[in-house]
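Because only heavy atoms are used, hydrogens play no part in the values below, and waters and symmetry mates are left out as well, while side chains stay in. Treat the numbers as computed from the prediction; the structure is a model and nothing was measured.
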Amino acid sequence: MTSWCNPLYESDSPTGPFRELGPLVLPDGSTVLPSDPGIFLDDDGRIYLYEFYAKNNPGTRFFTSQIRGYELDTKDPTKVLRGPVVVAEIDPENRPAERGGNANQNHHFGWFEGPHMLKHNGRYYLITAAPNTEYEIYAMEAFYSDENPLEGFVSHTRNPLTRHTAGVVRGSGHGSVEHGPGNALWAFYTVAVPYMHMYERRIGMDKVEVDENGELYCPYGVTDTPRIAPGEENAGADIGYLPLNGWGRPKATSEAPGREPIYASDGSSLTYWEPAKDDPTPTLTYDLTDPYVVGAVRIFWREKGLDYGNGILPGAFRYVVEGSTEEKPDEWFPLLDRSASDEDYNVDYRTFEEKECRFVRLRITGAPKGINPAVIDFTLFGYME
């Protein structure tokens with residue numbers, strides 16, 4: 001195991017504890033702490049490591065982003081047998097997804113980073129990310145080689161592999177493609193939520209397939225609606241649920257200054273509804289305008305007050321989702337009861353028994369100590385009969 005500019009670690013278990021082995025040691029005795037490192041174990045037992053590298057360009061304002069690879073000694077993985085080898089280099093002139101800026105407007109510069117190596121059906125696939133972590137245009141690209149893990153990589157003609165610039169699932173870069181149940185391929189990517197920190201992110205996933213030319217692609221794209229789970233028939237496909245309350249104007253029992261309830265369903269990961277701190281049971285109520293069959297909900301929480309340094313830590317949010325069929329609801333029936341939950345889900349997707357609803361409300365009944373609950377996104381899923 002390793003991470004950004006850190007040494008290698010090893011353990012007898014994937015959950016640790018891990019022991020430090022040290023930095024990479026090159027044949028000349030110099031050492032390397034790799035940036036954005038990704039480790040790959042080939043099926044012949046050989047070990048490789050890949051990193052982002054900034055190649056200096058004297059006399060210019062920009063460096064050139066590269067992906068470099070190393071072959072490591074299987075007996076002592078800190079020892080480099082070969083490398084560094086430039087496996088791929090940024091080309092913003094000819095690959096538009098690598099151009100910097102939130103509109104891909106910079107033809108001269110972008111970050112070309114986040115390397116991950118996959119081997120599938122004998123072909124090597126290098127997964128990379130570009131051009132800026134904090135932007136909604138952040139995307140993953142794929143390159144392939146039929147030679148070996150360090151040479152011969154060619155850019156996919158279908159690039160980018162993952163890209164999504166609207167809704168709460170945006171900035172789908174810096175991840176991996178790996179095997180799931182039935183040897184099926186899945187892409188895992190980060191989702192930009194750059195509010196508390198410019199690099200704040202969550203994780204998304206989508207189905208990947210191989211086309212007739214051996215190139216990777218996402219048959220359903222980058223998605224933000226309920227999907228069939230890995231291992232099931234038609235995994236990755238849409239289950240037929242649509243978002244029912246997007247851009248709705250809910251009513252709330254309270255709101256903090258500048259944190260109106262409309263921000264809970266405006267399709268942005270940068271805005272959120274925050275109730276007043278003295279509201280004992282904050283409630284958010286949606287009028288769907290017509291009866292819909294509701295069968296799932298996604299709640300994207302914002303932890304206001306989170307402070308690791310002072311012991312204010314993440315934990316379980318407790319809540320109830322209720323529905324009503326009345327024109328002016330006085331009576332409510334339960335859809336989902338998480339009022340006794342001890343599970344910490346920052347992004348909480350739940351299914352429940354389908355019921356027809358005209359109104360739906362969220363009642364927050366508890367939050368981690370020291371944290372004021374806020375909602376980045378509250379989306380109801382279902383259909384109209």
Candidate pair E134 and Y199, rule side-chain hydrogen bond (donor to acceptor under 3.5 Å, both in side chains), full reasoning = CA-CA 5 Å; E134 68 274 25; Y199 296 148; 4.7 Å; no

request  = Take R350 and Y319 through the side chain to side chain contact (heavy atoms under 4.5 Å, CB included) test and state the conclusion after the steps.
outcome  = CA-CA 12 Å; R350 300 283 167 178; Y319 62 93; 3.7 Å; yes

request  = Walk me through it: do I39 and L8 pass the test side chain to side chain contact (heavy atoms under 4.5 Å, CB included)?
outcome  = CA-CA 10 Å; I39 299 172; L8 288 178; 4.0 Å; yes

task = Evaluate the side-chain hydrogen bond (donor to acceptor under 3.5 Å, both in side chains) criterion for residues Y138 and H174: first the C-alpha distance (whole Å), next the side-chain angles of each, then the deciding distance (0.1 Å), finally the verdict.
result = CA-CA 8 Å; Y138 202 38; H174 205 134; 3.2 Å; yes

query = Stepwise, does the side-chain hydrogen bond (donor to acceptor under 3.5 Å, both in side chains) test hold for T157 with E215?
reply = CA-CA 8 Å; T157 60; E215 294 194 3; 3.1 Å; yes

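Between E20 atom CD and T2 atom OG1 the span is 9.5 Å, to the nearest 0.5 Å. Atom-to-atom distance recorded for F317:CZ and I371:CD1 is 5.5 Å, nearest 0.5 angstrom. Expressed to the nearest 0.5 Å, how far CZ of F153 lies from OH of Y125 amounts to 11.0 Å. Here CD1 of I137 is found 14.0 Å from NE2 of H164. Values are rounded to the nearest 0.5 Å. The CG atom of D146 sits 10.0 Å away from the OH atom of Y124 when rounded to the nearest 0.5 Å. Expressed to the nearest 0.5 Å, how far CG of N346 lies from CD1 of I203 amounts to 11.0 Å.
Aromatic pair F62/F109: centroids less than 6.0 angstrom apart.
Side chains of E354 and Y241: a donor-acceptor N/O pair is present below 3.5 angstrom, by distance only. Side-chain contact of D76 with T78: a donor-acceptor pair under 3.5 Å is present, judged by distance alone. S268 and D266 form no side-chain donor-acceptor contact under 3.5 Å, judged by distance and modelled atom types alone. Between the side chains of D279 and T253, at least one donor-acceptor pair of N or O atoms lies under 3.5 Å. Using a 3.5 Å distance cut-off with no hydrogens or angles, the side chains of S155 and E141 do not pair a donor with an acceptor. Side-chain contact annotation: R170 with S172, donor-acceptor N/O pair under 3.5 Å absent. For the 3.5 Å distance criterion, the side chains of S65 and E98 fail to qualify, holding no donor opposite an acceptor.
Under the 4.5 Å side-chain contact rule for hydrophobic residues, I299 and V193 do not share a cluster. The hydrophobic cluster containing V86 does not contain F112, counting ILVMFWY residues as joined when their side-chain heavy atoms lie under 4.5 angstrom apart, directly or transitively. By the criterion of side-chain heavy atoms lying less than 4.5 angstrom apart, applied directly or through intervening Ile, Leu, Val, Met, Phe, Trp or Tyr residues, Y70 is not grouped with I127; the two fall into different hydrophobic clusters. Placement of L150 and L72 in two distinct hydrophobic clusters is found when ILVMFWY residues are connected by side-chain heavy-atom separations under 4.5 Å, directly or transitively. Linking Ile, Leu, Val, Met, Phe, Trp and Tyr whenever their side-chain heavy atoms come within less than 4.5 Å puts M117 and F143 in one cluster.
Salt bridge R19/D12: present, at least one basic N to carboxylate O contact under 4.0 Å. With respect to D342 and R318, a salt bridge is recorded, a charged nitrogen being found less than 4.0 Å from a carboxylate O. Salt-bridge check for K304 with E274: passed, with a basic side-chain N closer than 4.0 Å to an acidic carboxylate O. Electrostatic pairing of E200 and R202 counts as a salt bridge here, judged by a charged N lying under 4.0 Å from a carboxylate O. R46 and E71 are joined by a salt bridge, as a carboxylate oxygen and a charged side-chain nitrogen come within less than 4.0 angstrom of each other. Taking the charged nitrogens against the carboxylate oxygens, D238 and R227 do have a contact shorter than 4.0 Å, which makes a salt bridge.
Classified by interplanar angle (parallel below 30°, tilted 30° to 60°, perpendicular above 60°), the ring pair F52/W111 is tilted.
You'll find the side chain of L161 reaches within 4.5 Å of the side chain of C218, heavy atoms only.
When the options F300, W273, Y286 are evaluated for a ring pair (Phe, Tyr, Trp, His ring centres under 6.0 Å) with F378, the one that passes is Y286.
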